[in-house]
K.L.:
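Just dropping this structure here.
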Number of protein chains: 2
Amino acid sequence: MRLRQGINQIYETRARILKAIAHPTRLFILDKLKNKEYCVCELTKLVGADVSTVSKHLSIMKNAGILTTRKEKNIVYYDITCDCVTRYIECIDEVIRNTAVNHRKLLKTIK
Amino acid sequence: MRLRQGINQIYETRARILKAIAHPTRLFILDKLKNKEYCVCELTKLVGADVSTVSKHLSIMKNAGILTTRKEKNIVYYDITCDCVTRYIECIDEVIRNTAVNHRKLLKTIK
DNA sequence: TGGCAATTTGGCTATTTTGCCAAATTGTAT
DNA sequence: ATACAATTTGGCAAAATAGCCAAATTGCCA
């Protein structure tokens, strides 16, 4: 976009973090990690995709600062860095609920 | 992803909404709309891109249920549907701050 | 040391997203 | 009716993303 560099920066940064969350598989992973840490191979089973795919999803979130890792032997455990991420999801679900309500209202005006 | 259909659904929906927000220009627009409604041509000037580009950004957010429109003459005013969207941004900035703190800590261990 | 399991990285193709231009649409006002 | 401003839509090329396979890496343990 054309905005001035300095102004631009913060929106680019925010977008990078949001993009790291805005993917169905990654949201599923976050939902799991909300309760406890998991290693890559456990998450791989839960997701049902290739290990390399899951590993890449995890590193995208780690690079964005959403996840941290803890290494034990050759097993890497991923965990959420800050609870605010969980709070996003609640906010998003609020949008989903509102949209549903609006759709229902709209339907009533049609009837 | 391979998850079962029913389970999948909610993550797909959440992702769609998050994707609608996860773009620098769209985050900039949301920041403006936080305070008051704007029409397409005003936002176009602020953003500094083609009108059609801005219009498309707005309709992506509208389709996701984040924005609503109000038409006056042939001018379309866009507004945020629910304040929770503004609260996302605060959550995201918390991640940014945490990341900065961690980077600073890391730097100290190196020194 | 050699092998094995867990994880990451490289490389590739398929798909999606962006953003511009041009053209269509909508609603006024002359 | 015609012109005009605001907005949306279609179409296209460039860029970014996703997901798989194969190969490399890491760290045990026999």
Side-chain angles (χ1 to χ4, degrees), chain A residues 1-4 8 11-30 32-33 36-64 66-79, chain B residues 1-4 8 11-30 32-33 36-64 66-79:
Chain A
M1 76 172 166
R2 293 265 179 70
L3 300 171
R4 269 189 292 137
N8 214 340
Y11 301 109
E12 302 272 7
T13 307
R14 285 177 182 164
R16 214 179 103 260
I17 294 169
L18 276 166
K19 273 188 198 169
I21 304 175
H23 186 287
T25 302
R26 297 200 285 265
L27 286 167
F28 171 79
I29 291 171
L30 285 175
K32 289 293 158 199
L33 293 179
K36 69 178 195 77
E37 59 172 27
Y38 281 92
C39 71
V40 181
C41 69
E42 287 171 326
L43 289 170
T44 298
K45 278 173 205 149
L46 290 167
V47 170
D50 195 90
V51 204
S52 67
T53 301
V54 174
S55 175
K56 276 177 186 172
H57 280 309
L58 290 167
S59 74
I60 287 168
M61 292 192 275
K62 191 188 174 183
N63 286 333
I66 298 161
L67 303 182
T68 28
T69 53
R70 179 177 73 81
K71 201 165 187 177
E72 199 174 294
K73 299 188 177 183
N74 56 348
I75 297 171
V76 180
Y77 291 95
Y78 279 83
D79 205 354
Chain B
M1 76 172 166
R2 292 265 179 69
L3 300 170
R4 266 189 294 137
N8 214 341
Y11 300 108
E12 301 272 7
T13 308
R14 286 177 181 165
R16 215 180 100 260
I17 293 169
L18 276 166
K19 272 189 198 168
I21 305 175
H23 186 287
T25 302
R26 298 200 284 266
L27 286 167
F28 172 79
I29 291 171
L30 285 174
K32 290 292 158 200
L33 294 178
K36 71 179 194 76
E37 59 172 27
Y38 281 92
C39 72
V40 181
C41 69
E42 287 171 324
L43 288 170
T44 298
K45 279 173 205 148
L46 290 168
V47 170
D50 194 89
V51 204
S52 67
T53 301
V54 173
S55 174
K56 277 177 186 173
H57 280 308
L58 290 167
S59 74
I60 287 167
M61 291 193 275
K62 191 187 174 183
N63 286 332
I66 298 161
L67 301 182
T68 29
T69 53
R70 180 178 73 80
K71 200 166 190 178
E72 199 174 294
K73 299 191 177 183
N74 57 347
I75 297 172
V76 180
Y77 291 93
Y78 279 83
D79 204 355

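A note on names: the letters A, B, ... follow the listed sequences, proteins ahead of strands, and every chain is numbered from 1.
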K.L.:
Under 4.0 angstrom, heavy atoms only, what part of the nucleic acid is K56(B) near: base, sugar-phosphate, or nothing?
P.N.:
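Base contact - K56(B) has a heavy atom under 4.0 Å of at least one base atom.
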K.L.:
Can you find a side chain N or O atom of H23(B) that sits less than 4.0 Å from OP1 or OP2 on dG19(C)?
P.N.:
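Yes, because at least one side-chain N or O of H23(B) sits under 4.0 Å from OP1 or OP2 of dG19(C).
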K.L.:
May I have the distance from I60(B) (atom CD1) to dT16(C) (atom P), rounded to whole angstrom?
P.N.:
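Nearest whole value for this atom pair: 14 Å.
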K.L.:
How many whole angstroms separate atom CG of D50(A) from atom P of dT8(C)?
P.N.:
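Computing the D50(A):CG to dT8(C):P distance gives 13 Å.
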K.L.:
Between P on dC28(D) and CD1 on I75(A), what's the gap in Å once rounded to a whole number?
P.N.:
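Value for this atom pair: 11 Å.
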K.L.:
Take atom CD of E12(A) and atom P of dT18(C), then tell me their distance rounded to the nearest Å.
P.N.:
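One finds 12 Å between P of dT18(C) and CD of E12(A), rounded.
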K.L.:
Just checking Y78(A): base, sugar-phosphate only, or nothing, at a heavy-atom cut-off of under 4.0 Å?
P.N.:
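The answer is sugar-phosphate, as Y78(A) gets under 4.0 Å only of primed atoms, P, OP1 or OP2.
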K.L.:
Over how many whole Å does the gap from F28(B) atom CZ to dG19(C) atom P extend?
P.N.:
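Result: 14 Å.
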K.L.:
Just wondering, do L30(B) and M61(B) contact through their side chains at under 4.5 Å, heavy atoms?
P.N.:
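A side-chain contact exists here, since the closest heavy-atom pair is under 4.5 Å.
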K.L.:
Judged by each residue's nearest nucleotide on DNA chain C, which is more toward the 5′ side, K19(A) or S52(A)?
P.N.:
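It is S52(A) whose nearest nucleotide is closer to the 5' end.
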K.L.:
In whole angstrom, what separates K71(A)'s NZ from dT25(D)'s C1'?
P.N.:
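In whole Å, dT25(D) C1' and K71(A) NZ are 9 Å from each other.
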K.L.:
Whether T53(A) contacts dG19(D) is assessed here as follows: a side-chain N or O lying under 4.0 Å from the phosphate OP1 or OP2. Is that the case?
P.N.:
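T53(A) to dG19(D) OP1/OP2: no side-chain N or O under 4.0 Å.
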K.L.:
Grab the CG-P distance between L27(B) and dT18(C) for me, whole Å please.
P.N.:
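These atoms are roughly 11 Å apart.
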K.L.:
Are T53(B) and T25(B) packed together at the side-chain level, in the sense that at least one heavy-atom pair is separated by less than 4.5 angstrom?
P.N.:
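Counting from C-beta outward, T53(B) and T25(B) never come under 4.5 Å.
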K.L.:
Would you mind reporting whether L18(A) and L27(B) have side-chain heavy atoms less than 4.5 Å apart?
P.N.:
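L27(B) vs L18(A): side chains touch.
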K.L.:
Would you find a donor on one side and an acceptor on the other, under 3.5 Å apart, between the side chain of R26(B) and the backbone of K19(B)?
P.N.:
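Looks like yes, one N/O pair under 3.5 Å.
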K.L.:
Nearest-Å distance, CG (L43(A)) to C1' (dT7(C))?
P.N.:
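Rounding to the nearest Å, CG of L43(A) and C1' of dT7(C) are 12 Å apart.
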K.L.:
Decide yes or no for I60(A) and H23(A): does some side-chain heavy atom of the first lie under 4.5 Å from some side-chain heavy atom of the second?
P.N.:
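They are not in contact (no side-chain heavy atoms under 4.5 Å apart), so the answer is no.
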K.L.:
Is any side-chain nitrogen or oxygen of K73(A) closer than 4.0 Å to OP1 or OP2 of dA5(C)?
P.N.:
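No, no such contact exists.
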